[in-house]
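These notes concern the structure reproduced below.
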Amino acid sequence: MTIFLGTLCTLRPLFSFLTETYWGNEGAKAHNVKSRSRNKYRGQNKVAHLDWLHLLDLLALLRYKQFACLTQLLLRHPVDAIGTAVYFIEKLQVIFILYKIISRAGLNPFAGLIRPAVRTFDTPGLECWTSNRKVARSNPRADKVKIRRSVKLKNKIKMPYMTRSGMMAIPDPPCVVTSPDCPPLGLKSLRVDDSQFQASSYLRMGLGPHRARLNIQSGIEDGDMYDGAWCAKYEDQHQWLQVDALRPTLFTGVILQGRNSIWSWDWVETYKVQLSNDSETWKTCMNGTEEAVFVGSRNEPETPYLALFPQPAVARWIRINPQTWYWNGTICLRAEVLGCPLPDPDNVWQHLSEKLPGSKDNLDFRHHNYKEMRKLMKAVNEDCPRITRIYTIGKSYTGLKLYAMEISDNPGKHELGEPEFRYVAGMHGNEVVGRELVLNLMQYICREFRRGNPRIVRLVTSTRIHLLPSMNPDGYETAFERGSELAGWALGRYSYEWVDMNHNFPDLNNIMWDAKENDTETVKTANHYIPIPEYYTKEDAFVTPETRAVISWMQDIPFVLSANLHGGELVVTYPFDCTRDWAPQENTPTADDSFFRWLATVYASTNLVMANPDRRICHSEDFQQHNNIINGGAWHTVPGSMNDFSYMHTNCFEVTVELSCDKFPHASELPTEWENNKESLLVYMEQVHRGIKGVVRDKMTKKGIADAIVKVEDLDHDIRSAADGDYWRLLNPGEYKVTVWAEGYFPSMRRCSVGTEARPTICDFILIKTPRQRMNGILAKGGRLPQDLQLKLRAMRLRKLRVSTKAINQRRERSRKARGTRSARAPRPLTPLA
């Protein structure tokens, strides 16, 4: 034993490093060592040898020079010194394996991040403790699980243990802590598998226990396989929904909401919670000496309600036992469970073999409110001032600025021949995954550019990238206040004025279709650059300031490719979103349908979740049968979408990406979401370099010609050249006959070949001005000169829109200032004298 302790003392610096890795400084310092009766240890745990957690305790004692306690602990252990030494060396090998796994995952081994949020164990001779060290977590307001800093426990914490009969048992009294920081178990995010659900009964398969996920949405019709809750078959207090966490878990609370249905009205009003470690013996959660009864949904089924347990407890299984429910409904619920997974003391290798969650990229993975978003963007700009620029495109209804970041090797200037790309996120304020992905993308591009990553350097130097992380900041702030689990399905989706921005753009589809039906000469009907309708430019038009700002942004920058990032499903949709004749569902392809399908496939096939053939469907629709892409109109009609407007009014091709089943995931899920989408975000941007590009110039002056029409034979959709005469036409590989025409010039035609490589084919055009004599001859014969009236009308309507937008913004700003002045002048309430 003396030799063994001497060896431990010699290796103390190594053990110091390892204990710092597992617990962190403050955690280990808080470790108090006191002796405890061996008889008590024998009577409770019946463990015949050191386990994994005991080994960590030994290392902590060694780290902080508690040699006397270490000696006492070893001498009291019911194994001889040689056996202890051998067992200790075996466990030491496990620690080295763990360290290698952590290092390869890109984590800082000194950060203490692998330490559980709450250390819970029962070690002979040691009193349980918990650290007050800060653990990396998301904003508590965003996650809405109120956190109070963990302090020393008044009661001892005991891990579940295996009895001699092999049954897992909960120590008595149960594990008690002071409001730990425990994330959702994963019912809402689908991390909990369907097989982990059980129920006492269910009404039918479509209302089975696997449908009891927070925010899950039902299909249009009740009675199918995809209803919006678990519903019990019987209406009594013996019904229950059960979830298997698969490992010891510190359960701290439950979030409940009612059934999602447009036909039924069902929810649970009160319920009890039961816990078990063998799924046979159950203990009801107590509130003092009485069984705790928690409040569920109130008055309506969609709002989630959080109930924190009076005494968080360790178990493997948890049951929700409804007690009362809506008087005119039945027992139906959707739920999320809050819990901290704990290491299993009887299965060390399970902990080591588990795939470490998260990302290798050291990015700011948390939810960012408006102020934090500005700070992050400013930090990126300060780190990479040479390639980034922050600018605003307008303001929201409440006055929040719509910030965008440009990433380019020459920010602030359009370079001839360099395509413009944009990502727009947060159109629906509660669909936050896109917002955080765009912020992460800013950080990633900046960091990798500084490191000299060839792919990122090539992307930045050849593309002008624009990132708009939050198109609807007002809606996001509303959802953020409630938090990821309590915002529900729709809170924060709409603008401050309760407008769905994805229906707020001008409906140009029906204008084009009506014109084609009424015009006998279809070749004269406009198929691009369609002007905004007159009614849309008026001050009293029901158009949000955010929509007006984005339309103006589209006019200022000649975007070529874009993606609109949404959430709530796993699918990529492409135009047209609006169907003809207002059909609720109908495949409505564009002239560029094949290229749009390519764009959607590029993103979907590189997304780690969409590309997984074994993934569970999100709600009620199986998009895997369509390879996770679908025409927008074939899914559901969306008149006035940004995708359609971008295609019909500008040169930009745009798709919608539904990024995740969970609109507002917990912050702990964000690293995984980044890994799922990182490659997709990059490879989609690279598609802006497909097709043909070039410059349209005047033969005499060599200057670029703006607004020249670029027409590809057999494709009924034209584009226009930018202000400097450069153009980009996205095309699939093939041979194309391209004609370019501009007002006052003879048309020019040439053949252009597009290869399979991810680089554009250069097709420049030289136009010759129409001679003055020819123009005079046409006029003398009573003819008319060809004029681009559509372009003039488009420019005039845009000017009107900007004038009305400016007037509205000025009026709104005066109103805000007046309210601020009145509130400042208002008398303060009198304070009563003491």
Side-chain angles (χ1 to χ4, degrees), residues 143-146 182-192 196-203 207-218 227-232 235-245 249 251-261 264-275 284-285 287 291-310 312-313 315 317-339 482-491 662-666:
D143 296 330
K144 216 57 184 178
V145 179
K146 295 297 184 181
C182 286
L185 205 60
L187 281 69
K188 179 164 71 92
S189 66
L190 304 184
R191 195 167 65 250
V192 173
Q196 295 173 241
F197 290 88
Q198 281 188 301
S200 55
S201 65
Y202 50 90
L203 204 55
L207 293 168
H210 62 289
R211 302 295 294 177
R213 300 177 183 273
L214 196 72
N215 287 340
I216 200 167
Q217 301 296 293
S218 67
D227 263 311
W230 161 69
C231 291
E235 295 184 17
D236 58 50
Q237 295 182 344
H238 301 295
Q239 304 304 305
W240 46 261
L241 173 73
Q242 175 180 306
V243 179
D244 180 5
T249 301
F251 293 111
T252 61
V254 169
I255 301 173
L256 222 64
Q257 65 183 168
R259 177 182 177 182
N260 174 256
S261 172
S264 303
W265 201 246
D266 305 301
W267 64 81
V268 170
E269 294 181 338
T270 61
Y271 60 97
K272 294 181 180 179
V273 172
Q274 300 169 342
L275 303 170
T284 302
C285 185
N287 186 9
E291 293 185 349
V293 178
F294 302 100
V295 177
S297 301
R298 306 161 202 171
N299 302 323
E300 54 86 25
E302 288 300 328
T303 302
Y305 289 93
L306 167 67
L308 291 175
F309 300 161
W317 284 270
I318 184 171
R319 273 184 181 178
I320 299 172
N321 173 215
Q323 298 297 299
T324 61
W325 45 93
Y326 178 51
W327 67 273
N328 198 28
T330 186
I331 300 175
C332 293
L333 63 86
R334 292 173 287 168
E336 180 59 87
V337 177
L338 306 181
R482 289 299 303 273
S484 60
E485 310 311 310
L486 300 180
W489 184 252
L491 183 66
D662 191 353
K663 288 186 175 184
F664 199 151
H666 188 269

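One is the number of the first residue; the rest follow in order along the sequence. Here the structure is a predicted model, which is why all the values come from computation and not from measurement.
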Heavy atoms, side chains only, cut-off 4.5 Å: are [X] and [Y] in contact?
X: L491; Y: R482; answer: yes
X: W265; Y: E300; answer: yes
X: R259; Y: D227; answer: yes
X: F251; Y: V337; answer: yes

**OP:** Could you list the residues that satisfy side-chain hydrogen bond (donor to acceptor under 3.5 Å, both in side chains) with R211, not counting sequence neighbours?
**Re:**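 By the side-chain hydrogen bond (donor to acceptor under 3.5 Å, both in side chains) rule, R211 matches no residue at all.
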Original post:
Residues two or more places apart in sequence or in another chain: which of them pass side-chain hydrogen bond (donor to acceptor under 3.5 Å, both in side chains) with Q242?
Top reply: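 side-chain hydrogen bond (donor to acceptor under 3.5 Å, both in side chains) list for Q242, sorted by chain: Q198, R319.
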Distance from [X] atom [atom1] to [Y] atom [atom2], nearest 0.5 Å?
X: L241; Y: R334; atom1: CG; atom2: CZ; value: 13.0 Å
X: L190; Y: D662; atom1: CG; atom2: CG; value: 8.0 Å
X: T330; Y: L207; atom1: OG1; atom2: CG; value: 9.5 Å
X: F294; Y: L308; atom1: CZ; atom2: CG; value: 9.0 Å
X: L306; Y: E485; atom1: CG; atom2: CD; value: 9.5 Å
X: F664; Y: L486; atom1: CZ; atom2: CG; value: 10.0 Å

**OP:** Go through the steps for V268 and I320 under the test side chain to side chain contact (heavy atoms under 4.5 Å, CB included), then give the verdict.
**Re:** CA-CA 10 Å; V268 170; I320 299 172; over 6 Å; no
Minimal non-hydrogen separation, [X] against [Y], with atom names:
X: T249; Y: L185; result: CG2-CD1, 4.2 Å
X: S218; Y: G228; result: CB-N, 3.3 Å
X: H666; Y: P184; result: CD2-CD, 3.2 Å
X: W267; Y: W325; result: O-CB, 3.3 Å
X: A229; Y: C332; result: CB-CB, 4.3 Å
X: Q196; Y: D244; result: NE2-O, 2.6 Å

**OP:** Please list, chain by chain and in numerical order, all residues satisfying disulfide bond (SG atoms under 2.5 Å apart) with C285, sequence neighbours excluded.
**Re:**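 Expected list: none.
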Original post:
Is the CZ atom of F197 crowded by more than 12 outside heavy atoms at less than 6.0 Å?
Top reply: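 More than 12 heavy atoms, drawn from other residues, nucleotides or ligands, come within 6.0 Å of this atom.
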Original post:
Heavy-atom count around N328 CG within 6.0 Å, excluding the residue itself: above 12?
Top reply: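 For N328, atom CG is crowded (more than 12 foreign heavy atoms under 6.0 Å).
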Original post:
Going through the checks in order, is the side chain to side chain contact (heavy atoms under 4.5 Å, CB included) test met by V243 and I318?
Top reply: CA-CA 5 Å; V243 179; I318 184 171; 4.0 Å; yes
Original post:
With no hydrogens and no angle check, do the side chains of N260 and E302 hold a donor and an acceptor under 3.5 Å apart?
Top reply: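 Short answer, yes.
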